[in-house]
Novice: 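My structure is below; once you've seen it, I'll send some questions.
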There are 2 protein chains.
Amino acid sequence: MNESLTNKRHTLAHLLAAAVLEKYPHAKLTLGPAIENGFYYDIDFSLGDAPNDTDLKELQKAMKKLLNKWTEFTHEKVSAEKARTVFAGNQFKLELIDEIEKKGEPITLYTCGGFTDLCRGGHCEHPKEELNPDAFKLEKIAGAYWRGDEKNPMLTRIYGLAFETKEELEAYEKQVEEAKARDHRKLGKELDLFTFSELVGPGLPLFTPNGTLMRDLIVEKIMKIQSQYGYVKVTIPHITKSDLYKTSGHWDKFKDELFHVKGQSDTEFVMKPMNCPHHTQIYDARPRSYKELPLRFAETTMVYRDEQAGELIGLGRVRSITQDDGHVFCTVDQIDQEVENIVNVIKQFYTSLGMFAEGKFWVSLSVSDPNEPEKYLGDKENWKKAENMLEAVAKRLELPYKRVEGEAAFYGPKLDFMFKDAIGRERQLATAQLDFVMPSRFGLAYTDNEGKKQTPVMIHRAIAGSLERFMAIMIEHFAGNFPLWLCPTQIAIIPVSEAHASYAQTVANELRAAGFRVLLDTNNESMGKKIRQAKQQKLPYFIVIGDKEVESVSATIESRDTGISEVLTVKEIIAKLAAEQNI
Amino acid sequence: MNESLTNKRHTLAHLLAAAVLEKYPHAKLTLGPAIENGFYYDIDFSLGDAPNDTDLKELQKAMKKLLNKWTEFTHEKVSAEKARTVFAGNQFKLELIDEIEKKGEPITLYTCGGFTDLCRGGHCEHPKEELNPDAFKLEKIAGAYWRGDEKNPMLTRIYGLAFETKEELEAYEKQVEEAKARDHRKLGKELDLFTFSELVGPGLPLFTPNGTLMRDLIVEKIMKIQSQYGYVKVTIPHITKSDLYKTSGHWDKFKDELFHVKGQSDTEFVMKPMNCPHHTQIYDARPRSYKELPLRFAETTMVYRDEQAGELIGLGRVRSITQDDGHVFCTVDQIDQEVENIVNVIKQFYTSLGMFAEGKFWVSLSVSDPNEPEKYLGDKENWKKAENMLEAVAKRLELPYKRVEGEAAFYGPKLDFMFKDAIGRERQLATAQLDFVMPSRFGLAYTDNEGKKQTPVMIHRAIAGSLERFMAIMIEHFAGNFPLWLCPTQIAIIPVSEAHASYAQTVANELRAAGFRVLLDTNNESMGKKIRQAKQQKLPYFIVIGDKEVESVSATIESRDTGISEVLTVKEIIAKLAAEQNI
């Protein structure tokens, strides 16, 4: 967010406050910052009437009218005493004044169009000239506790949207509308992909047959790609003695955020919130030689994190998180090739989704912050070497990368892949992370070619990340119109009447034998209804079988994406779909 | 165990006691029952010397010598007072006498060969005639707490083996020897299938790449078979609010045996010890019509049970239990066909293991006990109907079944499949269970063809049961010599020298393209060593590639099971292995 836009948004918060005081003179102002898409102001209306959503239009009109008089901002530095006089009776502002005074910071009052507010500054200097009255809009009203603490009084928060231009505001509103239509919770229900149960609990999705098939398709696609690079599957339990995390070092940092597990014995178990410590134990099951390295373990498995109930959103944030996880154990010299392999897997996978394309993603080369070396564990030379290796791979593979200092994990630098979805939202999905810390904490070793013990390096990698979040993002990105390979059902076959059922069955059998997922719709309903259902279910293709098709031993196939109908032989259909599927 | 053999074993416990007292007059006898493979006697030696394993031979000799004088048992009923005189100084026997007196039962003393013991009876009348001195053997010495309570004194338990004949004793000893050689913990390590970590905890196996592949092979085999019968996969989390089990009724019965899960909130979570209640919630995600039934949900997923640390044995009993679980929701009229389908899946699967054969298994038709109707929930008419249906299927499919009263679950009757392993041990593996209770507890419903709400029936089914236990049993049954389809690696290809490496690679590629799991062994070691390794790893086949093979574009393949070598073309090898694999 650029500073000029932030200043405009902040100015609008002042303007809103002025308009509110005109109409609700009993209102007590509190805080009104700029935010990502505009601004808000939290106001205490407890001494009289409060506005509701229907009053926003009028307030907005009042803001625009006031704006004509808001020609120039002035400000003055005042004593705490003076400030207390100005805001007498407003306990919120008085609390703020006390705090600023305690910190020894200057207390400033900003005034425009006759309206004065306690403020640190950051406004347009000439609001009337600089603000476009068509580029902002009051959006909605919500409740908010004073300073976000539920022990404090509840205030009224008025939200506004604000952009540079009317067009940008409209584009934003359209994106929000689009996002609503694509909401994965809504589409997930319509496409019958997952469900929640009150008896099971929030954040714990249950996947229906369709949703499970989609999960499996994702996992199989990734596994098929990465098995070319020597990844092999392993399997671990979902709980562990806390000793595992005491050794890994996670215990001290995260023990309060874990799900703790208690049986009849005294043993302290926890649910795993990540898989790497377990995977080290498979590495450590027997002595390893350099000849075995790299070892590449992959596993799709659920981890559990105690997310706050209020933060759970459909599949977007859950408590049972299926990770498509993988860990490479290798020598320092092997890092370069292994990271290249991971990038290649990411490339192949996201290409199959049409997302690995120019302008649709960028890569964060997340490195350490040279100003805060104490934040990072491990040998400095190794860090430098590793950061350079990651950068070399990024360059060699011509990735659109940016070096972002301070974004490394505490255990090593990483490559984070940031993808733009269909309506412009940026999502971090795939990642490759070097780790110099965990192998030595677990005392992992291999014997090198001179018979000496060495410590391997670990690379953590995720392709889809959490399957739940990935599915949520894909549902919204494609608005349910998934690419062929990702569709639980790919083709509906609709015989026109019973007379065509037997040939339709033949076509279905042939397509199934070729590996396609086919719904043969022989329900006793009209063809029109069946076609509508296939379209509602967003199936990529439907095939109609009538007299013409039976006679010519062919099938009429219509595409969801192009709307084009073609009469093809089954063999031609198989070739066409196979080509589309194997992108 | 027949009564006569039990009596012999019990008689031998007396004989052991007599021999012990001869050599260790300070010993205090406690209890000496017959057990499954012989007998034991728990004896307190705290007042003097105690025997150890090397003394067993001599004790055994003494028993055989005494046996000559043990011509006839006599017994007398005595007063508690008299009994207390006989066993004065033996606090254990005195405790038993007190108990018998309190219960008002008769106190009897049994005597043979001059040795008298407090006993309820159950002996050979003429030990010298009836006991074969070559059919018993003292086995081992162990510690045991008086009456199994660790707060009581530790006693010395002497175990003896005893059978009707010398041959039976030898056969049993051979079986034990065989079982030791086949122990899945030993073979699992040698074949690198799984491992345990002290940091993760007991009963929580970690599966290596080989072991994971084997798990997947089992799961895929079952899924491939049952997908023909309309089974579809679903996915559930491993935890749930306790509400789910409060509704299912499991909470009251099993809450103390569950792993309880605690996060930062007050919500009471538990780890799932079974999957059926979760699966009902997927059924219940939307209204169902009779047209959708039967719905057949399958899932391979871990459940967690808080087994006592002392009872955990390798993969045989674990805390993280992977169930190959499945639940059918259907109408009463559909039960017959669905059970038949399940039996067919079981038949196909166990046929591929060579276990579904005459004399190698039987089926327990586990029905209710008419004398204890209060043990069973649900409508009696339905029970009768269901038991008859199961029996009809068993008859129609010519299953070798026995009706076993009292073995039904509380919620419905079942078919339990009992298989004999290679060394004669019987294992319950597959099962199909009817359930009239859970659907109504969860208020599950479907709309029938008249638009009325009906309650579906549930069928619980398992094919392999727990994957861990199944693997343990298979490892021991096959002694690691798995059938071709179940082998993580199926074929080793061994080039004689570097000159043959390129052709060996071609052969490997062709076999891999045909779907076989091939190890191309290009390590810098002698051919002899490579062949030994392939044999140690119990690979079903190894192929040697030398000059002869390169010239004739063929391969010499040797079978693990027959030891026969053949020179075949790669095409012939593929045809041969495909035929073997698709049994």
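Numbers restart at 1 for each chain; the letters A, B, ... are given by sequence-line order, proteins then strands. Side chains are part of it too, since the values below use all heavy atoms of this structure and drop only hydrogens, waters and symmetry mates.
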Novice: Using a cut-off of under 4.5 Å for heavy-atom pairs, which of A/H278, A/H279, A/R319 has the most such pairs with chain B?
Specialist: A/H278
Novice: For chain A, which candidate among B/V232, B/T195, B/N523, B/V261 shows the most heavy-atom pairs at distances under 4.5 Å?
Specialist: B/V261
Novice: What's the separation between atom CG in B/D243 and atom CG in A/L199, rounded to the nearest 0.5 Å?
Specialist: 6.0 Å
Novice: Can you tell which part of B/T212 gets under 4.5 Å to a heavy atom of chain A, answering side chain, backbone, both or neither?
Specialist: both
Novice: Would you say that more than 12 heavy atoms from the other residues, nucleotides or ligands in this model lie under 6.0 Å from the CD of A/E150, or not?
Specialist: no
Novice: Can you tell me how far the CE atom of B/M271 sits from the CZ atom of A/F259, to the nearest 0.5 Å?
Specialist: 10.5 Å
Novice: Quickly, which of B/I236, B/I239, B/T240 forms a side-chain contact (heavy atoms from CB on, under 4.5 Å) with A/L204? Name it, please.
Specialist: B/I239
Novice: Can you see which heavy atom on B/P209 is nearest to which on A/V234, and at what distance?
Specialist: CD-CG1, 3.7 Å
Novice: Against chain B, work out which of A/G263, A/A309, A/S242, A/P202 has the most heavy-atom pairs shorter than 4.5 Å and name it.
Specialist: A/G263
Novice: Go through the atoms of A/P205 and report whether side chain, backbone, both or neither lie under 4.5 Å from a heavy atom of chain B.
Specialist: backbone
Novice: So what's closer than 4.5 Å to chain B heavy atoms on A/D216: side chain, backbone, both or neither?
Specialist: side chain
Novice: Counting heavy-atom pairs under 4.5 Å with chain B, which one of A/R305, A/K241, A/K189 comes out on top?
Specialist: A/K241
Novice: Keeping the roles fixed (side chain from B/Y304, backbone from A/H238), state whether a donor-acceptor pair exists under 3.5 Å.
Specialist: yes
Novice: Just wondering, more than 12 heavy atoms not from B/K253 lying within 6.0 Å of its NZ?
Specialist: no
Novice: Do any of residues 285-301 of chain A come closer than 4.5 Å to chain B, heavy atom to heavy atom, and if so which ones, in number order?
Specialist: A/A285, A/R286, A/F297
Novice: With only heavy atoms counted, which part of B/T208 is less than 4.5 Å from chain A, the side chain, the backbone, both or neither?
Specialist: both
Novice: What part of A/D284 lies closer than 4.5 angstrom to a heavy atom of chain B: side chain, backbone, both or neither?
Specialist: neither
Novice: By a 4.5 Å heavy-atom criterion (distance strictly below it), what part of A/F194 contacts chain B: side chain, backbone, both, or neither?
Specialist: neither
Novice: Under a 4.5 Å heavy-atom cutoff, which of B/K272, B/M302, B/E257 has the most pairs with chain A?
Specialist: B/M302
Novice: When you compare the side chain of A/K233 with that of B/L213, does any pair of heavy atoms fall below 4.5 Å?
Specialist: no
Novice: Quick one: pull up CG in A/L206 and CD1 in B/I282 and give me the separation to the nearest 0.5 Å.
Specialist: 5.0 Å
Novice: For A/T235, is it the side chain, the backbone, both or neither that has a heavy atom under 4.5 Å from a heavy atom of chain B?
Specialist: both
Novice: Which region of B/F442, side chain (C-beta onward) or backbone (N, CA, C, O), has a non-hydrogen atom less than 4.5 Å from a non-hydrogen atom of chain A, or is it both or neither?
Specialist: side chain
Novice: Go through B/T267, B/V318, B/D256 and name the one with the most non-hydrogen pairs under 4.5 angstrom from chain A.
Specialist: B/D256
Novice: Counting only heavy atoms not in A/K255 (residues, nucleotides, ligands), do more than 12 fall under 6.0 Å from its NZ?
Specialist: yes
Novice: Between CG of B/D306 and OG of A/S265, what distance do you get to the nearest 0.5 Å?
Specialist: 6.0 Å
Novice: Can you tell me how far CD of A/E198 sits from CD of B/Q281, rounded to the nearest 0.5 angstrom?
Specialist: 10.0 Å
Novice: At what distance, to the nearest 0.5 angstrom, does CG of A/L258 lie from NZ of B/K262?
Specialist: 13.5 Å
Novice: Sort out for me which of B/Y283, B/Y245, B/F207, B/F269 touches chain A most, counting heavy-atom pairs under 4.5 Å.
Specialist: B/F207
